[in-house]
Amino acid sequence: MTVRVRIAPSPTGDPHVGTAYIALFNYVFARKNGGQFILRIEDTDRTRSTLESEAAILRALRWVGLEWDEGPDKGGPHGPYRQSERAEIYRQHAQMLIDKGAAYRCFCTAERLAELRKRQMAEKKNLGYDGLCRDLSREESDKRAAAGEPFVVRLAMPREGDTVFPDRLRGEIKFANAGVDDQVLLKSDGFPTYHLANVVDDHLMGITHVIRAEEWISSTPKHVVLYQAFGWQAPEFVHMPLLRNKDKSKISKRKNPVSLDYYRDAGILPEALRNFLALMGWSIAADREKFTLQEMIEAFDIDRVSTGEPVFDLVKLIDLNGQYIREMSEDELVERLLSWRLSKESFRKVMPLVRERMKTLSDFIALGDFFFTGDLDHKPFAAAMVSKGRTPSETGKILQEYIEKVDEPWKEARRVPFEDKALEEFSRTFAEEKGWKVKELFMALRLAVTGKSATPPLFATMEVLGRELTRKRVRDAAETLKALPPPKA
RNA sequence: GUCCCCAUCGUCCAGAGGUCAGGACGCUGGCCUUUCAAGCCGGUAACAGGGGUUCGAAUCCCCUUGGGGACACCA
């Protein structure tokens, strides 16, 4: 049987470094074994999935150099590769499960479930569905469904016994069935949840090895029970360790730049990022850490992946990146710089912003240097970000809140578009809501983003700089401010 | 809280019963150098604790502790 693996991102946000991490190991495993690497888009959450996000993920995965053999944009023998286009398949499979008695319709309202949950919390009981609709007769269930009453389909999890499955890296993992919830498989909008879609697709697409993050271990028994109910052979499971923040918690936007676009914009080379990601759980040799993708494929052994809890450390990534830069040819470096941000297109974007302030051509660089740098060191001018009457810590707090809000749903349930006018409108409203003078907030922001107090118009600048670099700079500024001693009274 | 996973320098990774516990980043001392990097040489620093098993445990087993993840009509 030929090895087939997949990466199955959900297009609900920025292309995540964790996606690249898991994709890398899947890719290498496939190549090592002469198998296929499939890209499948898990967009069954219709309220959060967007095409923009999907496109960004595809672009970013290609940027790190992990090309897939089958996927939504290039097709393949097992398509479609976008789950939203496979809704009918899942519906049929849910029906099969109902017919086999392995799943049942649940007519409980959101209100009842909320109340149930509240009661369980109050009584400190285990959370989970109480199985009310599980005992409905088939006749009644059919009748209510036919009458148009909304329902979901739930997995009828066995109530006794254990579900045991082998994990390639961890050995046998055992769960008592009694502790596993009757998971929703098909939502009331007719779309499947991850659990159903993932099992059905992995089977239909001939996936032999599921290499995914550790966070999925606790829902694996549900998947195993589904494979059994369908009478299918389950794939082999390989749960990779989770990337961590410095404090060992699961890597997150709040504590780490998590978007692949950040790394690209900050000047990290894709081969260095790949290499670094590979180091998170695998090594080519005891005394060696720099290697190419090809070398990794040749030497890779999935059983030698470590199960520790790797902390994603920017400092080491940057060092590795420097090694790559120093070792490439001069011509190659020039090409890289040109295709990075020293391009005609990016000069074209920056130029209108600095042109009015230019008196000589050489002013271009002096006036716009911050468009071409990565992170900023805010310490030297941190005090300047603090307006009269404000404290460093409250300035830090407002900046942090600001940059977090920029990423949250705003108008039309979308986050603030990273575009001049939208940013300005949002920012003015934000300042007003927080009781800050526009001037106070904008100057703090200006210094945070550019490191200067005299710059081109702020929001146009942010637009050109881009969301990722801007977010990191504002966040770093906030950190610096918070670490500042309070002003003497 | 319940269930599950994990545990070697501050961080990443070596170590597959017998090693002075190794490499890298960081930090640090020195050399080189007009400076800063880079480079080179050196230093710092770890087997969480307790029980077993064994002639012998970082390596195997158990317990404790610690950390993490999951407990949605999100993935």
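A, B, ... follow the sequence lines: proteins, then strands. Residue 1 opens every chain. Here the structure is a predicted model, which means the values were calculated and not measured.
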At under 4.0 Å between heavy atoms, which parts of nucleotides 70-75 of chain B does protein reach? Answer with one letter per nucleotide, 5' to 3': B base, S sugar-phosphate only, - none.
SSSBBB
Winner on side-chain proximity to T307(A), out of rC13(B), rA7(B), rG26(B), is rA7(B)
Suppose you measure atom C1' in rA58(B) against the same atom in rC71(B); what distance do you get, rounded to whole Å?
34 Å
Nearest heavy atom decides the nucleotide; on that basis, is F175(A) or D301(A) closer to the 5' end of RNA chain B?
F175(A)
Between atom CG in L169(A) and atom C1' in rC4(B), what is the gap in whole Å?
15 Å
How far, in whole Å, is rU53(B) from rA46(B) if one measures between their P atoms?
29 Å
Nucleotide nearest S249(A) (side chain, heavy atoms from C-beta), chosen from rG23(B), rG68(B), rG26(B):
rG68(B)
If I pick the P atom on rA48(B) and the same atom on rG67(B), what distance separates them, to the nearest angstrom?
15 Å
If you measure from the P atom in rC74(B) to the same atom in rU65(B), how many Å do you get, rounded?
37 Å
With a 6.0 Å cut-off on ring centres, are F230(A) and H93(A) close enough?
yes
Watson-Crick or G-U wobble partner for rA24(B), using a 3.5 Å limit on both distances?
rU11(B)
Just by distance, do the side chain of R473(A) and the backbone of G374(A) share a donor-acceptor pair under 3.5 Å?
yes
Remember a base hit wins even if backbone is also touched, and classify G322(A) as base, sugar-phosphate or nothing at under 4.0 Å, heavy atoms.
nothing
Does NZ or CZ of R144(A) come closer than 6.0 Å to the centre of the six-membered ring of F107(A), within 45° of the ring's axis?
yes
Suppose you measure atom C1' in rG1(B) against the same atom in rG43(B); what distance do you get, rounded to whole Å?
48 Å
Are E404(A) and Q400(A) close enough that a side-chain donor and a side-chain acceptor fall under 3.5 Å?
yes
Mate of rC3(B) across any strand shown (Watson-Crick or G-U wobble, both atom pairs under 3.5 Å) is rG69(B)
Rounded P spacing from rC6(B) to rC61(B) in Å
11 Å
Atom P, compared across rC12(B) and rU8(B): separation rounded to whole Å
8 Å
Counting Watson-Crick and G-U wobble pairs only, both distances under 3.5 Å, name the nucleotide matched with rU19(B), or none.
none
Using atom P of each nucleotide, how far apart are rC36(B) and rC60(B) to the nearest Å?
48 Å
Report which part of the nucleic acid K246(A) touches: base, sugar-phosphate, or nothing (heavy-atom distance under 4.0 Å, all strands).
nothing
Just by distance, no angles: are the side chains of Y263(A) and N321(A) close enough, under 3.5 Å, to form a donor-acceptor pair?
no
Is the charged tip of K290(A) near the ring of Y324(A): under 6.0 Å from the six-membered ring centre and within 45° of its axis?
yes
Hey, which sits more toward the 5' end of RNA chain B by its nearest nucleotide, W282(A) or L317(A)?
W282(A)
Partners of W282(A) by ring pair (Phe, Tyr, Trp, His ring centres under 6.0 Å), sequence neighbours excluded?
F291(A), F300(A)
With a 3.5 Å limit on both atom pairs, tell me what rA48(B) is paired to, counting Watson-Crick and G-U wobble, or say none.
rU64(B)
is_close_aromatic(Y227(A), H203(A)), centroid dist under 6.0 Å:
no
Of the candidates rC4(B), rU11(B), rC6(B), the side chain of I173(A) sits closest to rC4(B)
